[in-house]
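First comes the structure, then the notes that go with it.
The chains referred to below are lettered A, B, ... by the order of the sequence lines, with proteins before strands, and numbering in each begins at 1.
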Number of protein chains: 2
Amino acid sequence: MALDHAILVSLLEKPGSGYELARRFERSIGYFWTATHQQIYRVLKRMESDGWVDVRDVPQQGRPDKKEYSVAGPGRDALSAWLHEPIEPESVRHDLAVKIRGAAFDDPAALIGEVRRHRRAHTDRLEHYLAGEARDFPEAGGDGPLDAERELQHAVLRGGIAYERMMIAWLDDVLATLARFEADR
Amino acid sequence: MALDHAILVSLLEKPGSGYELARRFERSIGYFWTATHQQIYRVLKRMESDGWVDVRDVPQQGRPDKKEYSVAGPGRDALSAWLHEPIEPESVRHDLAVKIRGAAFDDPAALIGEVRRHRRAHTDRLEHYLAGEARDFPEAGGDGPLDAERELQHAVLRGGIAYERMMIAWLDDVLATLARFEADR
DNA sequence: CCTTGCTATGCAACTCGTTGCATAGCAAGA
DNA sequence: TCTTGCTATGCAACGAGTTGCATAGCAAGG
């Protein structure tokens with residue numbers, strides 16, 4: 001149940017409403033954890049009734065009021081406990097890999113368009129990450145004072161960058177493989 | 001609902017029982033798609049009643065009888081239809097990334113052990129993949145006759161290998177980052 | 001005024017995935 | 001003989017995640 005913890009981390013980084021959290025899950029946090037607004041509202045409600053988060057009604061002008069959530073003591077404790085217990089290395093799920101192996105029983109070359117589409121999605125994400133890195137972490141290598149929040153966010157972002165680069169290279173490999181079947185038909 | 005399709009692909013590669021499928025999902029298929037035996041039995045039952053797969057009772061000596069499933073026409077059609085429709089690039093879920101960002105609000109250096117554990121899991125998997133590659137795809141580069149099933153399985157395996165190598169390098173990066181906080185406390 | 005569109009929150013129903021438990025055949029060793 | 005352990009299948013309950021829908025405030029433009 002790491003959605004709870006992902007929300008707690010996000011609220012520790014910056015308190016916000018369910019709506020704002022949902023937007024973050026489309027961006028920064030969402031790079032390694034996805035969630036819809038439904039899930040988020042439900043979890044926030046549960047965490048509120050468990051005393052993990054505090055709520056504050058924030059009137060706004062020009063837009064509807066919002067409920068701003070922030071992490072309370074018990075929520076912090078729950079997060080800390082989770083951080084100190086081991087978790088299983090994640091299990092991966094790649095629809096595309098299923099498709100690639102399945103293509104052997106259909107028309108391999110027909111997959112080329114789909115793989116190209118995915119490649120484009122990954123190059124887009126990579127560019128997005130790199131732009132974010134240039135914007136938020138400009139002092140590359142300049143070892144200033146240790147800011148845990150910044151340094152660790154940067155480390156996670158570097159992971160995202162490495163992942164996208166790996167995927168692009170692999171999809172090129174797959175495309176080269178598929179091309180051999182195209183020449184064949 | 002790609003579990004259906006993952007099972008169909010696996011049965012096309014080789015017919016088998018629910019139990020055998022569950023074992024494959026711990027190994028080859030499981031590298032990019034996980035499933036427990038419960039899920040598998042449930043899906044097989046549904047696909048059987050939908051006519052996607054055929055069943056055959058296979059008596060065995062020395063062990064309990066089994067039901068061997070194989071893909072029927074409608075199942076093949078369903079797979080083919082899925083192969084030809086676009087899918088969304090997968091959404092990733094990395095508990096460990098949540099932990100790393102969360103560690104900023106706890107004790108970063110306390111994560112070192114956990115990250116090392118994950119690194120070990122990934123080096124183990126990498127070695128396992130490489131052994132499988134050496135065993136099943138020895139003729140590296142030797143462009144023999146085009147066998148779609150083999151070539152595409154190999155391409156997917158290369159993806160797994162690239163993924164593990166990327167993860168190991170990134171976890172080393174994370175460990176170096178965390179080490180700076182250890183020196184600090 | 002009316003539509004479109006963004007912010008903001010939520011319910012209900014459903015499907016997918018996990019966990020615990022149960023049963024049963026058979027082999028091998030203590 | 002009794003236990004352990006692997007093969008083989010399955011039910012029941014629960015929790016996580018998805019999808020469709022609903023409501024409402026407010027702004028901007030046609």
What residue pairs, at least two apart or across chains, pass salt bridge (charged side-chain N to carboxylate O under 4.0 Å, His left out) with a residue in residues 166-175 of chain B? A/Arg158-B/Asp173, B/Arg119-B/Asp172
For B/Arg93, check side-chain hydrogen bond (donor to acceptor under 3.5 Å, both in side chains) against everything at least two apart and list the hits.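 Partners of B/Arg93 by the side-chain hydrogen bond (donor to acceptor under 3.5 Å, both in side chains) criterion, ordered by chain and then number, come out as A/Thr34.
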With sequence neighbours left out, the residues meeting side-chain hydrogen bond (donor to acceptor under 3.5 Å, both in side chains) with B/Arg150 are B/Glu139
Remaining members of hydrophobic cluster (4.5 Å side-chain criterion), B/Val58: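 So far as hydrophobic clustering goes, B/Val58 is joined with none.
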Apart from A/Tyr41 itself, what residues make up its hydrophobic cluster when side-chain heavy atoms of I, L, V, M, F, W and Y under 4.5 Å apart count as a link, directly or indirectly? A/Tyr19
In whole Å, I'd like the distance from the [atom1] atom of [X] to the [atom2] atom of [N].
{"X": "B/Arg46", "N": "C/dT15", "atom1": "CZ", "atom2": "C1'", "answer": "9 Å"}
{"X": "B/Glu48", "N": "D/dG10", "atom1": "CD", "atom2": "C1'", "answer": "14 Å"}
{"X": "B/Asp65", "N": "D/dG10", "atom1": "CG", "atom2": "P", "answer": "12 Å"}
{"X": "A/Trp33", "N": "D/dT18", "atom1": "CH2", "atom2": "C1'", "answer": "16 Å"}
{"X": "B/Arg42", "N": "D/dA12", "atom1": "CZ", "atom2": "C1'", "answer": "10 Å"}
{"X": "B/Leu44", "N": "C/dC16", "atom1": "CG", "atom2": "C1'", "answer": "16 Å"}
{"X": "B/Asp95", "N": "C/dT18", "atom1": "CG", "atom2": "P", "answer": "12 Å"}
{"X": "A/Glu68", "N": "C/dT7", "atom1": "CD", "atom2": "P", "answer": "17 Å"}

Using a 4.0 Å heavy-atom cut-off to protein, can you give one letter per nucleotide of nucleotides 20-30 of chain C, 5' to 3': B if the base is in contact, S if only the sugar-phosphate is, - if neither? B----BSS---
Taking only heavy atoms on the protein side, list every residue of residues 4-23 of chain A lying under 4.0 Å from any atom of DNA chain C, sorted numerically.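 A/Ser17, A/Gly18, A/Tyr19, A/Arg23 - these, ordered by number, are the residues of the stretch whose heavy atoms sit under 4.0 Å from the strand.
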Side chain of A/Thr36: nearest nucleotide among D/dA8, C/dG17, D/dT19?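 Comparing D/dA8, C/dG17, D/dT19 against the side chain of A/Thr36, the answer is D/dT19.
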Nearest to side-chain heavy atoms of A/Tyr41, which nucleotide of C/dG10, C/dG17, D/dT9: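 The listed nucleotide nearest to A/Tyr41's side chain is C/dG10.
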With A/Tyr129, which residues qualify under ring-ring contact (aromatic ring centres under 6.0 Å, His included), at least two apart?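 For A/Tyr129, the residues satisfying ring-ring contact (aromatic ring centres under 6.0 Å, His included) (neighbours in sequence not counted) are A/Tyr31.
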Ring geometry between B/His94 and A/Tyr163 (parallel below 30°, tilted from 30 to 60°, perpendicular above 60°): perpendicular
In dot-bracket form, how is DNA chain D paired, counting a Watson-Crick or G-U wobble pair only if both its distances are under 3.5 Å and using | for bases paired to another strand? ||||||||||||||||||||||||||||||
Salt bridge A/Arg24-A/Glu13, side-chain N to carboxylate O under 4.0 Å: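 Salt bridge: no.
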If the cut-off is 4.0 Å, is A/Lys45 near the phosphate of C/dG10, judged by side-chain N/O to OP1 or OP2?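 A/Lys45 to C/dG10 OP1/OP2: side-chain N or O found under 4.0 Å.
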Suppose we screen for salt bridge (Lys or Arg N to Asp or Glu O under 4.0 Å). Which residues come up paired with B/Glu48, at least two apart in sequence or across chains? none
A/Asp147: salt bridge (Lys or Arg N to Asp or Glu O under 4.0 Å) partners, not counting sequence neighbours: none
Pairs satisfying side-chain hydrogen bond (donor to acceptor under 3.5 Å, both in side chains), at least one member in residues 68-86 of chain A, at least two apart: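 Listed once each, the pairs are A/Arg56-A/Glu68, A/Ser80-B/Asp106, A/His84-B/Asp106.
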